[in-house]
Number of protein chains: 2
Amino acid sequence: MTAQRGRPRSFDRQAALERAALAFWEHGYETTSISDLTTALGIGAPSLYAAFGDKRQLFYEAVASYQATHGSFTARAMAEEPTARDAIVRILREAATEYTSPDHPRGCLVISAAQNCSPASADVAKALRDTRNKNLRLLEDRIRSDVDSGILPGDTDAHGLALFAAATTQGMSQQARDGAGREDLEAIAEAAVRALPQSSATACR
Amino acid sequence: MTAQRGRPRSFDRQAALERAALAFWEHGYETTSISDLTTALGIGAPSLYAAFGDKRQLFYEAVASYQATHGSFTARAMAEEPTARDAIVRILREAATEYTSPDHPRGCLVISAAQNCSPASADVAKALRDTRNKNLRLLEDRIRSDVDSGILPGDTDAHGLALFAAATTQGMSQQARDGAGREDLEAIAEAAVRALPQSSATACR
DNA sequence: TCCTTTCTCTAGCGATCACTACAGAAAGGA
DNA sequence: TCCTTTCTGTAGTGATCGCTAGAGAAAGGA
């Protein structure tokens with residue numbers, strides 16, 4: 001095992017990524033300047049470029065850091081809940097808490113950070129859009145699996161239900177950024193849960 | 001009535017506003033540059049500044065133009081429908097068509113055009129946020145009125161229901177911008193309608 | 001001690017940002 | 001015809017954008 005050569009880095013790379021994620025989360029990709037980032041990270045521009053390549057690569061790494069921490073609750077719900085319905089309910093309820101936490105910016109970074117992009121950074125917008133649409137397809141497949149195995153009613157529209165869950169989540173992120181609190185988002189989540197099909201045989205309330 | 005003095009304007013001011021609205025709708029406030037706008041409007045920068053003041057004022061006028069045309073369907077539903085529930089159902093259904101029209105950018109300008117703003121244009125972000133929150137309060141008041149007059153069940157959470165309708169609409173705008181089609185948005189709308197309380201006495205389906 | 005390697009700092013690159021000074025062009029009024 | 005008024009086109013303002021060349025600093029290896 002070879003020891004690292006040369007002058008050691010003066011900052012914690014992972015901590016810098018987390019600070020970068022907070023900055024992008026708050027203001028978005030294009031509106032967060034390199035100058036903003038060097039201030040937030042407490043390092044000079046050449047250090048930033050040496051460590052992360054360029055602004056785009058730093059953003060992608062910051063998004064990955066976000067997904068591994070604040071944004072991991074959706075993947076956890078998908079992995080741990082026994083049914084698609086349980087996963088949706090848990091995602092909606094945990095989003096209400098996560099999106100309004102006072103410890104970090106409101107809403108979801110993946111949803112909000114690349115909304116307004118110029119053609120020059122269309123690929124960044126596309127990357128987050130692809131992430132959202134991939135999650136949408138994963139949820140749809142999960143719902144379809146439960147329909148096929150009889151856990152959800154046979155007439156359930158898997159595609160439409162996945163779209164509804166995704167749209168509600170994105171609407172909650174938007175509401176959180178517009179000032180809604182945890183109770184507000186919980187009310188949205190519970191209203192959405194009322195629209196979900198029941199688990200086995202459909203029951204009236 | 002005095003005739004206008006001086007050299008006449010070489011372009012149609014209202015048509016220019018509509019083109020500006022399309023540009024802001026597509027890319028957002030900060031990411032649409034003056035250079036983009038002079039190209040889209042087919043005029044020089046001095047003409048733009050003489051006619052509209054500055055970028056911010058042009059944006060506000062473009063938003064007003066949007067609200068008077070593409071964005072007017074919500075206010076029309078609120079004014080024309082007899083009940084809050086009818087208004088919500090109509091808004092959701094018309095949004096599915098409006099947000100996915102091939103004649104203009106996807107989604108809603110008021111929702112999407114000032115998502116990623118730097119501190120320098122925080123007032124623009126606040127203006128659109130205030131517009132959204134004002135519409136939210138109007139809907140909540142309308143719901144509360146129907147609850148008070150017995151049209152909606154007495155245990156209806158007016159605030160929560162208004163939040164749910166607003167969040168669903170915003171989620172539909174996001175989905176439209178992510179590539180969802182009219183049928184997709186209609187599925188979201190119908191799912192949301194299932195979560196609404198029934199008109200008079202609650203009935204099972 | 002001296003070399004190599006890697007990072008950091010100062011300073012500044014060309015491009016683009018929102019915006020405008022200035023002069024000429026196009027209209028009505030006298 | 002000439003003046004006033006208003007708009008348009010050229011050309012550019014200082015500021016900021018993302019990014020980097022080059023020199024010095026801080027580590028390990030010989």
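Naming: A, B, ... by sequence-line order, numbering from 1 per chain.
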Original post:
Using a 3.5 Å cut-off on both pairing distances, which stems of three or more Watson-Crick or G-U pairs include DNA chain C?
Top reply: C:1-30 with D:1-30

Subject >> Any B:Q14 side-chain heavy atom under 4.5 Å of B:E18 side chain >> reply: yes

Original post:
Does NZ or CZ of B:K55 come closer than 6.0 Å to the centre of the six-membered ring of B:Y29, within 45° of the ring's axis?
Top reply: yes

**OP:** Please check if any side-chain donor atom of B:E30 sits under 3.5 Å from a side-chain acceptor atom of B:S118, or the reverse.
**Re:** yes

Original post:
B:R13 CZ to D:dT6 C1': how many Å, rounded?
Top reply: 15 Å

Original post:
Side-chain contact, heavy-atom cut-off 4.5 Å: B:L22 with B:Y66?
Top reply: no

Subject >> Contacting residues from residues 41-56 of chain B, given that a heavy atom lies under 4.0 angstrom of DNA chain C >> reply: B:A45, B:P46, B:Y49, B:D54, B:K55

Original post:
Taking atom C1' of D:dA26 as reference, at what distance in whole Å does atom CZ of A:F11 sit?
Top reply: 15 Å

Original post:
So, B:E98 versus B:H104: side-chain donor-acceptor pair below 3.5 Å or not?
Top reply: yes

Please produce a list of atom pairs where a protein N or O lies less than 3.5 Å from an N or O of nucleotides 1-6 of chain C.
residue, atom, partner, partner atom, Å
C:dT6, O2, A:R7, N, 3.3

**OP:** Find the distance B:H27:NE2 to C:dC17:P and express it as a whole number of Å.
**Re:** 12 Å

**OP:** May I ask you to establish whether A:R56 and A:Y60 are in a cation-pi arrangement, using a distance under 6.0 Å from NZ or CZ to the six-membered ring centre and at most 45° from the ring axis?
**Re:** no

Subject >> Any A:S33 side-chain nitrogen or oxygen under 4.0 Å from OP1 or OP2 of D:dC17 >> reply: yes

**OP:** Could you check if a side-chain atom of B:I143 sits within less than 4.5 angstrom of a side-chain atom of B:I88, using non-hydrogen atoms only?
**Re:** yes

**OP:** Report which part of the nucleic acid B:T32 touches: base, sugar-phosphate, or nothing (heavy-atom distance under 4.0 Å, all strands).
**Re:** sugar-phosphate

**OP:** With heavy atoms under 4.0 Å as the rule, sort A:T38 into base, sugar-phosphate or nothing.
**Re:** nothing

Original post:
Between A:D130 and A:K126, is a salt bridge (Lys or Arg N to Asp or Glu O under 4.0 Å) present by the stated rule, with each step listed?
Top reply: CA-CA 6 Å; A:D130 288 348; A:K126 182 178 185 302; 2.7 Å; yes

**OP:** Answer yes or no on whether A:R13 is positioned over the face of A:F11, meaning its NZ or CZ is under 6.0 Å from the six-membered ring centre and within 45° of the axis.
**Re:** no

Original post:
Do B:Q170 and A:Q175 have side-chain atoms, one donor and one acceptor, less than 3.5 Å apart?
Top reply: yes

Original post:
Between the side chains of B:T39 and B:D36, does any donor sit under 3.5 Å from an acceptor?
Top reply: no

Original post:
Tell me: CD1 of B:I34 to C1' of D:dG12, nearest whole Å?
Top reply: 16 Å

Original post:
To the nearest angstrom, how far is B:F59 atom CZ from C:dC19 atom P?
Top reply: 14 Å

**OP:** Rounded to the nearest angstrom, tell me the gap between atom CG in B:L37 and atom C1' in C:dC17.
**Re:** 13 Å

